[in-house]
There are 2 protein chains.
Amino acid sequence: MTDFHLDDFMPYQLAVLSSQISREFAELYTDRFGLSVPEWRLVAHLSQTREPVSVREIFERVDMDKSKVSRAASRLEQRGYVIKSVNPSDRRLVELRLSENGRAMVEELAPLARRYDQRCLEALGEAEPAFREAVRLLLESRRASGDT
Amino acid sequence: MTDFHLDDFMPYQLAVLSSQISREFAELYTDRFGLSVPEWRLVAHLSQTREPVSVREIFERVDMDKSKVSRAASRLEQRGYVIKSVNPSDRRLVELRLSENGRAMVEELAPLARRYDQRCLEALGEAEPAFREAVRLLLESRRASGDT
DNA sequence: TTGACTTCGTTGCAGTTGCAACGATATTGG
DNA sequence: CCAATATCGTTGCAACTGCAACGAAGTCAA
C-alpha cells in the first residue's frame with residue numbers, strides 16, 4: 001500500500017464524475033432526438049453562434065478528434081440538423097452551422113439542459129458559484145499553456 | 001440563438017476538462033507501462049487495498065461497464081500485474097488483486113500521479129481545497145441518489 | 001510559374017466500446 | 001429437495017474510436 005489515495009486524485013475523480021453526469025444527461029437527448037454524445041456536443045457548440053464554424057475550430061475547443069467531428073457533422077447533415085458548405089475564400093475549410101431544424105432542436109433541449117445543470121450542482125449549495133468559477137479557471141489555464 | 005450558454009453548462013465543461021486531463025495524464029502511464037486508460041483505472045482502484053475486489057464492486061464505483069473491467073483485468077493478468085482467482089465462498093465472484101509487479105508499478109506511478117495532480121490544480125491557487133471538496137461532494141451526492 | 005511545404009477534412013483500418021445474451025453459480029419459496 | 005429466479009463475469013457483435021494516410025487546397029520563396 002503506497003500512500004497514494006485515489007479519493008484525492010483529481011484526474012480520476014473528475015473522470016468518474018463527468019462520465020456519470022454525461023451519461024445521465026445523454027438520456028435526455030438520445031431519447032428525444034437520437035443524438036449520440038459527439039453529435040450533441042457539436043450541436044451545442046454550433047448553437048453558440050450564427051456564424052459558420054470550421055471543423056478545425058471545433059475539435060480544438062471541444063477535445064474531439066477531427067474525424068469524430070467530421071463524422072458527427074455528416075450524420076447531422078443527413079438528418080437535417082446541420083448544414084455543411086465549403087468556405088469560398090479558403091476551399092479547404094468546411095463551414096458548419098445549424099439548420100432551422102437544428103435550431104428548433106436546441107430550443108427544445110436548452111431548458112432541459114439548464115434544468116439538469118442546476119439539479120446537478122444542487123448538492124453544492126452556496127459553494128456552487130465558486131465551483132463553476134474554478135472549472136472555468138482550469139479550462140482557461142489549460143488553454144493558455146496547453147495547445148501553444 | 002437561445003439563451004443557452006455552453007460556458008455555463010457543467011456537463012459539457014466537465015467533459016472537456018476531464019478528457020483533456022485524462023489524456024494528458026495517460027501519457028505518463030502509457031509511455032512507461034503500456035497501460036490503457038481502463039487498465040490504469042483498475043490498477044489504481046486495486047492499489048487502494050490489499051483485500052481482493054470483485055469485478056462488480058469495481059464497475060459500480062468506477063463507472064466502467066463490467067465487460068470493460070473484465071477485459072482490463074484479463075489483459076493485466078496476462079501481463080502479470082493482476083491476479084485473478086475465484087472466490088471460494090461464492091464461486092460466481094472473481095477476486096482481483098495486484099501482484100507484486102502490480103504493486104511495484106503503482107509505487108513507481110504514485111509520485112508521478114501526485115505531482116501531476118498538484119500541477120493540474122495549480123491554477124486554482126487558494127481555491128483548490130474548496131474545489132476538491134466540491135468534487136467530493138458531487139460524487140457523494142450522486143452515489144446517495146443514483147444507484148439506489 | 002513552379003516545386004516544396006503546410007493545412008484542412010475525410011476515410012481505411014485495427015482496436016475498443018457498450019449492450020445483450022449466455023453459462024455457471026447461488027438464492028429463494030414451496 | 002426441486003424448480004424458478006437472480007446474480008456474476010465472459011463473450012459475440014455491431015457501432016464507435018483514434019490514428020495515420022491521403023487528396024485537395026493554400027502558401028511561400030525563388
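When reading the values below, keep in mind they use all heavy atoms of this one structure, side chains included, and skip hydrogens, waters and symmetry mates. By convention in this document, chain letters (A, B, ...) are assigned in the order of the sequence lines, proteins followed by strands, and residues within each chain are numbered from 1.
Judged purely by distance below 3.5 Å, without hydrogens or angles, the side chains of B/Ser54 and B/Glu57 pair a donor atom with an acceptor atom.
Listed here is the closest heavy atom pair of A/Gly80 and A/Ser99: O-OG, 2.6 Å. Contact detail for B/Val16 and A/Val62: the closest heavy-atom pair is CG2-O, 3.9 Å. Residue A/Val55 comes nearest to A/Lys66 through the heavy atom pair CG1-O, 4.1 Å, listed as atom of the first residue, atom of the second, then distance. Across B/Gln48 and A/Leu6, no two heavy atoms sit closer than the pair NE2-N, 3.1 Å.
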Between the protein and nucleotides 11-13 of chain D, list the N/O to N/O atom pairs that are separated by less than 3.5 angstrom.
| residue | atom | partner | partner atom | Å |
| --- | --- | --- | --- | --- |
| D/dG12 | O6 | B/Arg71 | NH2 | 3.3 |

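Between A/Lys68 and the phosphate of D/dG18, there is a side-chain N or O to OP1/OP2 separation shorter than 4.0 Å.
Atom pair B/Arg56:CZ and C/dA26:P shows a separation of 15 Å (rounding to whole Å applied). Put simply, CD on A/Glu60 is 11 Å from P on C/dT7, counting in whole angstrom units. A/Met64 places its CE atom 14 Å from the P atom of D/dC16, with the value rounded to the nearest Å. If you measure from atom CZ of A/Arg23 to atom P of C/dT17, you get 14 Å, rounded to the nearest angstrom.
Remark: B/Leu28 pairs with B/Phe25, B/Leu112, B/Tyr116 by the side chain to side chain contact (heavy atoms under 4.5 Å, CB included) rule, at least two apart or across chains. Residues passing the side chain to side chain contact (heavy atoms under 4.5 Å, CB included) test with A/Glu108 are A/Arg32, A/Phe33, sequence neighbours excluded.
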Between A/Arg103 and A/Arg50, does the side-chain contact (heavy atoms from CB on, under 4.5 Å) criterion hold? Intermediate values first, please. CA-CA 10 Å; A/Arg103 297 232 163 251; A/Arg50 285 202 177 273; 3.0 Å; yes
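Against DNA chain D, the stretch residues 84-95 of chain B makes heavy-atom approaches under 4.0 Å through B/Lys84, B/Arg92, B/Leu93, B/Val94. Residues from residues 27-45 of chain A placing a heavy atom under 4.0 Å of any atom in DNA chain D, listed by number, are A/Pro38.
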In a table with atom names and distances, give each donor-acceptor pair under 3.5 Å that connects a side chain of residues 129-137 of chain A to protein atoms at least two apart or in another chain.
| residue | atom | partner | partner atom | Å |
| --- | --- | --- | --- | --- |
| A/Arg132 | NE | A/Glu128 | OE2 | 3.2 |
| A/Arg132 | NH1 | A/Asp117 | OD1 | 3.2 |
| A/Arg132 | NH1 | B/Asp8 | O | 2.8 |
| A/Arg132 | NH2 | A/Asp117 | OD1 | 2.4 |
| A/Arg132 | NH2 | A/Glu128 | OE2 | 3.2 |
| A/Glu133 | OE1 | A/Arg136 | NE | 3.1 |
| A/Glu133 | OE2 | A/Arg136 | NH2 | 2.8 |
| A/Arg136 | NH1 | A/Glu140 | OE1 | 2.9 |

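Using a 4.5 Å heavy-atom threshold, the side chains of B/Val43 and B/Leu98 count as touching.
The backbone N or O of B/Gly34 sits less than 3.5 Å from a side-chain atom of B/Arg79, completing a donor-acceptor pair.
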